[in-house]
Engineer: 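Below is one structure. I have some questions about it.
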Amino acid sequence: MPVAVKKTIPHFFMIVYVVIILVPFLFVLFSSLKANNTEIALHPFGLPKTWVFENYKEAWVKAKISVYFFNSLYLAASAAVVGVLMAAATAFAMARMKLTRISKWIYQLVLVGMLIPGNVLFIAQYFLVRDLHILDTHWALFLPYTAGALPFSVLLLVAFMHNIPHELEEAATIDGMGAIRMFWKIILPLTIPALVTVFIVNFLGNWNEYLLANFFISRDALRTLPTGMVGFRDAFQTNYALVCTGIVFSVLPVLLLYSFLQRQIIEGLTAGSVKG
Amino acid sequence: MKTTLKNPYVYMLFVVPTVAMYFLFFIYPTITSFVFGFTDWDGLNPRQFIGLDNFVNAFKDAEFRSSIWNNLIILLFSCCIQVPLIIIFSLLISNVKRFQGFYKTTVFMPSILSTSIIGILWGYIYDPDVGLLNNFLNLFGIEPIYWLAEPKWAMFSILLTNAWQWMGFYIVLILAAILGIPKDIDEAAMIDGATGVQRAWYLTVPLIRPIINVVIMLSIAGALRVVDIVLVMTGGGPAGSTEVMASYMVNKAIKYGDYGYGSALSIIIFVIALILTALYQLLIARRQERIEY
């Protein structure tokens with residue numbers, strides 16, 4: 001076989017794969033700009049005849065995508081920030097402070113958390129948030145999201161903080177620095193790459209979460225994008241263009257984030273599974 | 001001065017919030033799940049302790065048994081069809097120089113998206129009238145297929161969507177392992193006259209076996225965790241043909257208010273997950289030694 005042919009074979013298969021990945025996105029994007037269902041049905045692969053940008057305005061305002069969007073945004077971001085800070089503080093105490101026996105115990109406890117599949121706790125967590133009287137408020141999502149991300153975050157940050165040289169904090173101790181200031185001024189800044197990774201992983205997880213968001217929140221004004229979109233689809237079932245517009249709104253921010261941070265996201269999402 | 005990092009009060013300040021959250025949202029729900037599982041409870045009236053009745057009923061419950069089968073189908077599909085494809089695609093990407101980054105970025109893309117949004121998106125692709133798939137098949141003169149409404153196609157449709165979402169994630173995992181193999185091993189084999197396929201099969205695949213094991217483990221865990229996509233695309237239907245254990249548990253608890261029974265099902269799911277993980281570790285993962293190069 002000539003070398004040129006040999007070299008194109010992998011590309012041929014990969015291009016077929018890439019097309020299968022991208023076509024659904026293009027279909028949704030084109031459909032979102034089409035005037036009606038007939039046009040989508042008759043020319044599914046074609047560009048819109050007239051570009052109906054009003055769909056976007058209509059979905060954003062009328063269908064309250066804006067409400068879902070901002071609910072998702074602030075919940076995903078705040079839970080991720082709080083989770084990262086809590087995990088970082090715990091990881092600091094476990095990795096750097098000299099109470100090793102208790103640290104080992106806590107580490108084992110956190111490891112067990114990685115074993116529990118999330119769905120299994122669904123019913124018990126439902127009654128937990130009901131008994132805390134936070135059902136149908138954003139607390140019902142914020143707290144489980146923050147807690148749910150802790151095991152993975154703590155394990156990753158402990159591993160990262162173990163590798164920081166001890167000389168730094170010895171020097172700081174001699175200068176009279178306390179543990180809390182040391183955490184803020186020395187360890188946290190040095191951990192930023194890992195913190196960013198953990199934040200992104202947690203943020204994406206919260207942004208995409210469906211099960212809890214669907215059953216712990218019933219007020220429409222409090223819904224997040226994944227559940228809001230399902231409700232939207234069920235309400236506008238026959239208006240394909242409008243639902244496709246909604247899909248674009250939910251997918252676009254994540255894809256933009258991905259395009260800027262794809263290296264960090266890929267490494268972050270695969271870090272938990274590759275142990276060496 | 002030496003006590004700075006030994007101060008137990010500061011230690012508690014750092015650790016207590018996390019441990020408290022952890023107890024509240026992991027340990028406490030695990031305990032209550034076990035308690036609820038042995039009761040007959042509608043969520044409102046007092047709980048009635050009924051011993052093992054829920055567990056006995058679960059195994060008599062034909063719908064639950066068929067949901068176990070459906071999880072098994074997903075598991076077999078992931079391990080026997082997806083994993084080989086994942087390895088082949090990883091090998092293909094590792095062999096190209098141009099566009100490697102582009103392929104990697106693109107195939108990974110679906111795995112950062114919400115499963116429920118992907119469920120809605122693919123719902124339109126499967127739409128019998130305006131959907132992309134039937135339109136495409138129409139080019140070859142194939143009659144419209146009711147992908148999500150016919151029991152014989154619904155599970156297949158879910159499997160396809162699930163594969164579309166997750167294959168790229170595993171490809172990137174395996175690709176990283178392949179690219180981590182030192183180049184000189186491959187070059188030595190090339191000088192000895194081994195073909196590309198030979199090198200892949202006899203050299204690369206054995207060297208990345210540990211990561212293949214990780215991928216199989218994650219696929220098993222993932223197959224048991226499937227639920228969002230079922231709830232969004234089919235709700236378990238038509239006629240229970242796509243019902244998985246987790247969706248059945250959620251439906252029983254929320255739709256029928258049978259929380260005791262639902263909790264028992266959640267314990268069964270947990271135990272099945274533990275058994276599969278343990279079996280896998282004992283039978284396969286332990287026999288593999290770490291490969292050093």
Engineer: Which bit of B:Leu133 comes within less than 4.5 Å of chain A, counting heavy atoms only: side chain, backbone, both or neither?
Structural biologist: neither
Engineer: Of the listed residues (B:Thr105, B:Val15, B:Asn7), which shares the most heavy-atom pairs with chain A below a 4.5 Å separation?
Structural biologist: B:Thr105
Engineer: Which answer fits A:Met177, side chain, backbone, both or neither, if we ask what part of it has an atom under 4.5 Å from a heavy atom of chain B?
Structural biologist: backbone
Engineer: Relative to chain A, which of B:Thr32, B:Asp129, B:Thr30 shows the most heavy atom pairs under 4.5 Å?
Structural biologist: B:Thr30
Engineer: Tell me whether the centres of the aromatic rings in A:Phe27 and B:Tyr124 are closer together than 6.0 Å.
Structural biologist: no
Engineer: If I compare all heavy atoms of A:Val230 with all of B:Ser116, which pair ends up nearest, and what's the gap?
Structural biologist: CG2-CB, 4.4 Å
Engineer: Taking side chain as C-beta onward, heavy atoms only, is A:Met94 less than 4.5 Å from B:Phe14?
Structural biologist: no
Engineer: Got B:Phe108 and A:Gln262 here, is their nearest side-chain heavy-atom distance under 4.5 Å?
Structural biologist: no
Engineer: Let's test your reading of the structure: which of A:Met229, A:Arg263, A:Glu170 forms the most heavy-atom pairs below 4.5 Å with chain B?
Structural biologist: A:Met229
Engineer: Which one, B:Leu13, B:Val19, B:Leu24, B:Leu91, leads in non-hydrogen pairs under 4.5 Å with chain A?
Structural biologist: B:Leu24
Engineer: Would you list the pairs meeting side chain to side chain donor-acceptor pair (under 3.5 Å) in which at least one residue belongs to residues 116-131 of chain A, sequence neighbours left out?
Structural biologist: none
Engineer: I need the residue from B:Tyr170, B:Phe26, B:Tyr11, B:Tyr259 with the largest number of non-hydrogen atom pairs under 4.5 Å to chain A.
Structural biologist: B:Tyr11
Engineer: Contact part of A:Arg233 toward chain B, heavy-atom cut-off under 4.5 Å: side chain, backbone, both or neither?
Structural biologist: side chain
Engineer: Looking at A:Phe92, A:Phe127, A:Phe183, which makes the most heavy-atom pairs under 4.5 Å with chain B?
Structural biologist: A:Phe127
Engineer: Provide the closest heavy-atom pair for A:Gly113 versus B:Tyr22 in the form atom of the first, atom of the second, distance.
Structural biologist: N-OH, 2.7 Å
Engineer: Hey, which of B:Asp127, B:Asn95, B:Ile269, B:Leu224 has the most heavy atom pairs under 4.5 Å with chain A?
Structural biologist: B:Asp127
Engineer: With the side chain counted from C-beta on, respond yes when B:Ile117 and A:Tyr210 share a heavy-atom pair under 4.5 Å apart, and no when they do not.
Structural biologist: no
Engineer: Measuring heavy-atom distances to chain B, does A:Phe13 have an atom under 4.5 Å in its side chain, in its backbone, in both, or in neither?
Structural biologist: both
Engineer: Any heavy-atom pair between the side chains of B:Val96 and A:Lys7 that's under 4.5 Å?
Structural biologist: no
Engineer: Under a 4.5 Å heavy-atom cutoff, which of A:Val112, A:Val129, A:Leu143, A:Val28 has the most pairs with chain B?
Structural biologist: A:Leu143
Engineer: For chain B, find which of A:Ile116, A:Ile20, A:Ile265, A:Leu109 contributes the most heavy-atom pairs closer than 4.5 angstrom.
Structural biologist: A:Leu109
Engineer: Could you go through the side chain to side chain contact (heavy atoms under 4.5 Å, CB included) check for B:Phe99 and A:Ile15 one step at a time?
Structural biologist: CA-CA 10 Å; B:Phe99 302 121; A:Ile15 284 164; over 6 Å; no
Engineer: Tell me, for B:Phe34 versus chain A, whether the close heavy atoms (under 4.5 Å) come from the side chain, the backbone, both or neither.
Structural biologist: neither
Engineer: Using side-chain heavy atoms (C-beta onward) and a distance below 4.5 Å, is A:Ile266 in contact with B:Lys104?
Structural biologist: yes
Engineer: If every non-hydrogen atom of B:Phe25 is compared with every non-hydrogen atom of A:Pro144, which pair is closest and at what distance?
Structural biologist: CE2-CG, 3.7 Å
Engineer: Could you tell me whether a side-chain N or O of B:Thr18 sits under 3.5 Å from a main-chain N or O of A:Met86, the two making a donor and an acceptor?
Structural biologist: yes
Engineer: Which answer fits A:Ser31, side chain, backbone, both or neither, if we ask what part of it has an atom under 4.5 Å from a heavy atom of chain B?
Structural biologist: neither
Engineer: Going from OG on A:Ser250 to CG on B:Leu113, what distance comes out if it is rounded to the nearest 0.5 angstrom?
Structural biologist: 9.0 Å
Engineer: For A:Ile180, is it the side chain, the backbone, both or neither that has a heavy atom under 4.5 Å from a heavy atom of chain B?
Structural biologist: both
Engineer: Is it the backbone or the side chain of B:Phe36 that comes under 4.5 Å from a heavy atom of chain A, or both, or neither?
Structural biologist: side chain
Engineer: Find the distance between OH (B:Tyr28) and CG (A:Leu128) and round it off to the nearest 0.5 Å.
Structural biologist: 6.5 Å
Engineer: Side chain, backbone, both or neither: which part of A:Leu257 has a heavy atom under 4.5 Å from chain B?
Structural biologist: neither
Engineer: Checking A:Val254 against chain B: side chain, backbone, both or neither under 4.5 Å from a heavy atom?
Structural biologist: both
Engineer: Do you know the tightest heavy-atom contact between B:Arg98 and A:His11?
Structural biologist: O-CE1, 3.2 Å
Engineer: Quick check: B:Trp164 with A:Phe25 (ring centres under 6.0 Å apart)?
Structural biologist: yes
Engineer: Taking the side chain as C-beta and beyond, is there a heavy-atom pair between A:Phe215 and B:Leu231 under 4.5 Å?
Structural biologist: yes
Engineer: If we count only N and O atoms by modelled type, under 3.5 Å, do the side chains of A:Tyr17 and B:Thr106 hold a donor and an acceptor together?
Structural biologist: no
Engineer: For chain B, which of A:Pro151, A:Gly83, A:Ala172 has the most heavy-atom pairs under 4.5 Å?
Structural biologist: A:Pro151
Engineer: For the CE atom of A:Met97 and the CG atom of B:Leu5, what is their distance to the nearest 0.5 Å?
Structural biologist: 6.0 Å
Engineer: Which answer fits B:Val227, side chain, backbone, both or neither, if we ask what part of it has an atom under 4.5 Å from a heavy atom of chain A?
Structural biologist: side chain
Engineer: Give the intermediate values and the outcome of side chain to side chain contact (heavy atoms under 4.5 Å, CB included) for residues A:Asn208 and B:Thr115.
Structural biologist: CA-CA 7 Å; A:Asn208 290 333; B:Thr115 308; over 6 Å; no
Engineer: Look at A:Ser103, A:Ala91, A:Ala88, A:Gly178 and state which one has the largest set of heavy-atom pairs under 4.5 Å with chain B.
Structural biologist: A:Ser103
Engineer: Can you name the closest pair of heavy atoms from B:Pro29 and A:Ala124 and give their distance?
Structural biologist: O-CB, 3.3 Å
Engineer: Side chain from CB out, backbone as N, CA, C, O: work out which of these in A:Phe122 comes under 4.5 Å of a heavy atom of chain B, or both, or neither.
Structural biologist: side chain
Engineer: With a 4.5 Å limit on heavy-atom distance, are the side chains of B:Ile112 and A:Leu255 in contact?
Structural biologist: yes
Engineer: Does a sphere of radius 6.0 Å around CZ in B:Arg225 hold more than 12 heavy atoms from other residues, nucleotides or ligands, not counting ones at 6.0 Å or beyond?
Structural biologist: no
Engineer: Using every non-hydrogen atom in the two residues, find where A:Ile123 and B:Gly262 come nearest and quote the distance to one decimal.
Structural biologist: CD1-C, 3.3 Å
Engineer: Please classify the contact between A:Leu204 and chain B as side chain, backbone, both or neither, with a heavy-atom cut-off of under 4.5 Å.
Structural biologist: side chain
Engineer: Using a cut-off of 6.0 Å, state whether more than 12 heavy atoms not belonging to B:Met190 lie near its atom CE.
Structural biologist: yes
Engineer: If you count heavy-atom pairs within less than 4.5 Å of chain A, which of B:Met21, B:Lys97, B:Met12 leads?
Structural biologist: B:Met21
Engineer: What part of A:Glu169 gets within 4.5 angstrom of chain B, counting heavy atoms only: side chain, backbone, both, or neither?
Structural biologist: side chain
Engineer: Less than 4.5 Å to any heavy atom of chain B: does that hold for the side chain of A:Ile106, its backbone, both, or neither?
Structural biologist: side chain
Engineer: Flag the pair A:Leu211 / B:Val250 as yes when at least one side-chain heavy-atom distance between them is below 4.5 Å, and no otherwise.
Structural biologist: yes
